[in-house]
Structures are given as structure tokens and as C-alpha cells.
Amino acid sequence: MTENSPDSPTERLGVVPDAGSSGVAAGTRQDESALRPVAEHLAKVLDTIGSIDPIQLTLLDAQGLLLAEQIISDRPLPGFDNAAMDGYAVRAVDVRQATDDKPIVLPVVGDVVAGARSVSGMGPGLCMRIMTGAPIPPGADAVIGLEDTDRGVARVAIHRSVRTGESVRRAGEDLAAGAVALGPGAALGPQQIGLLAATGHDRVLVRPRPRVVVISTGSELVDLNRIPGFGEVSDVNSYMLASAARDAGADAYRVGIIPDDHARLLDVLDSQLLRADVIITTGGVSMGAYDVVKEALGQLGTVDFARVAMQPGMSQGFGYLGRDHTPIFCLPGNPVSSLVSFEVFVRPAIRKLLGKRNVQRQSLQAIALERMESPSGLRQYRRGLLHREPDGRYSVSLIGGQASHLIASMAASNCLVIIEEDVTEVVPGSRVTVLPLMLAQR
Ligand code: AMP
Ligand code: MG
């Protein structure tokens, strides 16, 4: 396939081939010595990540998302004056003199149950038995709880006085009709979903979950239905990163494995652009021959391959594909590198697409339980085990070595220890910054 044939994948990706390009991947020509600081690469990513158009979702599907509209209540909450407890609806003035020693006895002229659609009025000197949530009968202005009565059916002895309005839930005392229930940007947790249900909203406009497509590249990869033969490796990354994307709030789609083949890669990317809000590839971005992601996408000119001053995860690709300028992250293939890269760059991008203000995971300070070394000029992310000491402080030890193929040690870790660029040694007892990771709770 030639680059300029009408339906070449690059054209379908919505990229105008660079006529002046020598055909050498732009990314492979870049200055090897200059490393881009992590913060700068992250800023490049976040500065260009836009937003996704809001969509209507049903209440339960909207859980965890941010509201993209103002919700006005068309009704008061509560909708009508009702009883706050089981007891008797009375006029406060009628029982003003009631005491334990001298109870006041009133005729009970009826029952009002929750769900009563109409309630007759109640004359002076009378009372009605009433259940929690039942409408206050016209004429009554207070409720006396059962425990302050003899629980009579035809007549009831009332043992204390009540204030006007006592144990009455007033219509609109929670929210007035026409008032703002929730504003744009409100995060929809169970409490907010409860309020939306109370105001009768079964669908709401929200910032949607980004659809994140995860693609593993590598001719050595096999899917889980096959036992890897000699030289083959089970695909870890698409499963791991799809679950990480979900954890970040995205809808994740795992696309199968793509071998190290330009045309196949471009074809699959082209077809995935239809549904993806974000594409993640792993593998094929380092300096080796057959690093096809870098070779193929570097030529397009819309994906930038950089060497970032971090370890692991030094090789990073980020850019845009297709007519909708879909962001694509090309992460390194080593599983630990890909997960660290996801944490550092992709997770914040997903959070930004969700409209979240806090795109970063909350870091914390912990006491280093052991000596840690780190190369100068690189920000190191080490797998760690974070403990909470009895005094409430955190401490952290390292798990596994520095190599980024160690999947078992990654699974044993619960955090990343961040050793800043200018720190080459952390002595035991000093403080380090720790990023607690996504953990399924026991
Ligand atoms: P690459 O970045 O393509 O050079 O791959 C670096 C290392 O990561 C190689 O040892 C690959 O076999 C391994 N690797 C790449 N992709 C995956 C994957 N999806 N699952 C497990 N290992 C992978
Ligand atoms: Mg590879």
C-alpha cells in the first residue's frame, strides 16, 4: 500500500500526508539526549485534552458523573405538610393544659395513613390517628407521638402539650418549588441521585464517561485462550489498562492484539476512531527495529513521540488521530511501564474529560522504611507497599526491583513511590511522596 493511495489508512485517519516527509518517522529523528520533564509532558497532554459533549443518561447510569445542566425542582419538598412520626394529629391549643397527671382526653375521629389521597378536615376539640408521612388533616397543626398518649382508638388520653408545628414536616421546608436542586458540575453520588429522584428527574444531562479503547501491540503477544509457546507472551496490558481506565471512570473497550505490522495497526486504529474518545496503545514505542507504533504514527505528524525524564516509562507517544482529533496515548509495552504511564498521563486525561476538577490522584507523605536510590534527572516511580502505622502515619517499603517486566511484584504493591528528579538517594526514616493505587477493597 502506498501512502497516497486514496484509501490508505493514513488518509482515512484524517491525516494529510506530509508531502515533504522523507518517510522517516518524525519521532525517530528527535534529539536523543533531551529528556522532557514529566510535568511538561503532562501539561502538553492536559492542555490539549478537550471535553466531550454532554449526554442524557438515566439516573443510575449517571452515577459518579458530573451534571451538565441546572436542575430546578418543579415541586416543593416535602410535597405537602405531613406527620414526622406515628401519633395523633391535634390542635396544639386543645392540649395546652395536658400533663402526665392530668391528661387531656380527645375523641379520635379517624385514621390518616401514608398514601391517603384526601383527608377530611378536623374540627376543634378532636384529633385523628396519623402515621408517619401521612398528610396533616386541615385543622390540625401538630402531631403528638404515640408514646405520649395511651394509644387509644376511639378516645385518646394525651399526656403532654405540643408546640404548634411540632412533628409536622412542612411542605417546601427542604426545597421550595422552583428552587435549584443541583447545578452544573455537581458530582452525582448516591445522595444527589436521591435528590434527583425526589424531584422526579429520571434522566439528566451529564458529562459522559469517555470511551477508551485499549490496544496491545506486539507480534509476541497471544490472547488468554492460548498457552504461550516459546517466544510468546500472554497479553497483559490490554486487560490491565482497560481495568485501569474503568477505575478512572471511563468506559473501556479492549481491542485484541495487533502484531508489529504498520498496515494492520493503521487499519485497526482507523476503525476504532469511530467509537473512541481516547485510544491507548501499548508497545512498539522504544528505539528498536519493529517498533511499529512509533514508526507508523510518527510518520503521520500528529502524534509526538518523546523521551520523558521518568523511570519506568521513558518512551511516550501522545497526539491526535482522525477528523475528530481523538487523543491517542502510545505507551511502552513493559507492563509496569504501561501502568505507570497510565497513572501519570492517561488517568489525569480521563479525569479531565469527565470534567473533574481534581485530575490527579491524591498523593501522601510516608516514612521510607528502607534506602532508595534513583538516577539523577529522572523521576522514578517505584512499586511500594504502603502501611498505616498505629499512630496514623504512613510508612512505605519497596516491592520488587526496578525492572518493569515484574508483574508479580506489581500485583503485590499498593502504591507508587515517587522519587523526584533531583533526588538520588532516600535515606531510611525520611519522607517520600507516595501515590496510593487503585485497590479492590478486601
Ligand atoms: P515493547 O515496548 O514493544 O518494546 O515491549 C517491551 C516489553 O514488554 C517486551 O518484553 C514485550 O514482550 C512486553 N510487552 C509488550 N506488550 C505487552 C503486553 N500487552 N502484555 C505483556 N507484555 C508486553
Ligand atoms: Mg513490541
Side-chain angles (χ1 to χ4, degrees), residues 25 27-28 30 32 35-36 41 212-247 252-269 272 276 278-299 303-319 328-347 378 381 383 400-413:
T28 56
Q30 72 178 9
E32 309 284 350
L35 292 180
R36 180 184 292 169
H41 190 68
V212 174
V213 162
V214 188
I215 300 169
S216 288
T217 74
S219 294
E220 73 279 26
L221 301 177
V222 295
D223 210 341
L224 306 188
N225 54 1
R226 278 199 29 209
I227 297 174
F230 180 74
E232 295 180 334
V233 179
S234 291
D235 169 27
V236 169
N237 296 347
S238 66
Y239 290 96
M240 179 173 65
L241 297 187
S243 71
R246 251 194 222 174
D247 183 85
Y253 302 90
R254 224 200 111 245
V255 170
I257 298 155
I258 307 186
D260 294 321
D261 172 327
H262 285 210
R264 286 282 300 282
L265 173 67
L266 294 176
D267 261 346
V268 170
L269 287 175
Q272 292 301 323
V278 174
I279 294 178
I280 303 172
T281 67
T282 71
V285 292
S286 43
M287 315 296 286
Y290 303 98
D291 276 331
V292 300
V293 173
K294 186 169 180 174
E295 290 166 17
L297 298 185
Q299 285 175 16
V303 184
D304 166 40
F305 288 87
R307 280 163 49 82
V308 177
M310 64 191 279
Q311 189 184 58
M314 193 178 282
S315 300
Q316 294 290 333
F318 174 71
I328 177 168
F329 292 86
C330 304
L331 309 183
N334 268 310
V336 177
S337 314
S338 77
L339 188 65
V340 167
S341 306
F342 179 95
E343 273 296 319
V344 178
F345 303 117
V346 188
R347 194 173 198 281
L378 295 183
Y381 294 87
R383 280 140 282 162
Q402 297 192 25
S404 41
H405 64 287
L406 301 172
I407 299 161
S409 69
M410 179 176 68
S413 70

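Computed from a predicted structure; not experimentally measured. Order of listing sets the numbers, starting from 1, for every ligand and every atom in it.
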> So do the side chains of Ile258 and Leu221 get within less than 4.5 Å of each other, counting heavy atoms only?
Replying inline: no

> Which residue holds the protein heavy atom closest to atom 14 (N) of ligand 1, what is that atom called, and what is the gap in Å?
Replying inline: Gly333 O, 3.2 Å

>> Please check this pair: side chain of Thr281 against backbone of Ile215, looking for a donor-acceptor N/O pair closer than 3.5 Å.
In response: no

> What protein heavy atom sits nearest atom 20 (N) of ligand 1, and how far off is it?
Replying inline: Val236 N, 2.9 Å

>> I'd like to know if Gly288 contacts ligand 1, where contact means a heavy-atom distance under 4.0 Å to any ligand atom.
In response: no

> Based purely on interatomic distance, does Ser238 place a nitrogen or oxygen under 3.5 Å from a nitrogen or oxygen of ligand 1?
Replying inline: no

> Non-hydrogen atoms of Ser286 versus ligand 1: any pair closer than 4.0 Å?
Replying inline: yes

> Of the protein's non-hydrogen atoms, which lies at the shortest distance from atom 9 (C) of ligand 1, and what is that distance?
Replying inline: Glu220 OE2, 4.0 Å

> Can you tell me which residue and heavy atom of the protein come closest to atom 1 (P) of ligand 1, and the distance to 0.1 Å?
Replying inline: Gly284 N, 3.7 Å

>> Please list the nearest protein heavy atom to atom 19 (N) of ligand 1 with its residue and the distance rounded to 0.1 Å.
In response: Asp235 OD1, 2.8 Å

> Quick one: which of Asn237, Val285, Thr282, Leu331 has a heavy atom closest to atom 18 (C) of ligand 1?
Replying inline: Asn237

>> Side chain, backbone, both or neither: which applies to Leu221 and ligand 1 if a contact is any heavy-atom pair less than 4.0 Å apart?
In response: side chain

> Which bit of Ser234 is near ligand 1, meaning a heavy atom under 4.0 Å away: side chain, backbone, both or neither?
Replying inline: backbone

> Looking only at protein heavy atoms, which one is nearest to atom 10 (O) of ligand 1, and how far off is it?
Replying inline: Asn334 OD1, 4.3 Å

>> Treating Thr282 as the side-chain partner and Gly333 as the backbone partner, does any N or O pair qualify as donor plus acceptor under 3.5 Å?
In response: no

>> If you compare all heavy atoms of Pro332 against all heavy atoms of Gln316, which two are closest, and at what distance to 0.1 Å?
In response: CD-NE2, 3.8 Å

> Is there a donor-acceptor pair under 3.5 Å between the side chain of Ser337 and the backbone N or O of Pro312?
Replying inline: no

> Where do Ile257 and Gly218 come nearest, in terms of heavy atoms and distance?
Replying inline: CG2-O, 3.8 Å

>> In terms of relative ring orientation, are Phe318 and Phe329 parallel, tilted or perpendicular, with 30° and 60° separating the classes?
In response: tilted

> Asp260 side chain to Ser219 main-chain N or O, any donor-acceptor pair under 3.5 Å?
Replying inline: yes

> Is Arg264 close to Thr217 at the side-chain level, that is, under 4.5 Å between some pair of heavy atoms?
Replying inline: no

> Atoms of ligand 1 less than 4.0 Å from Ser216 heavy atoms?
Replying inline: 19 (N)

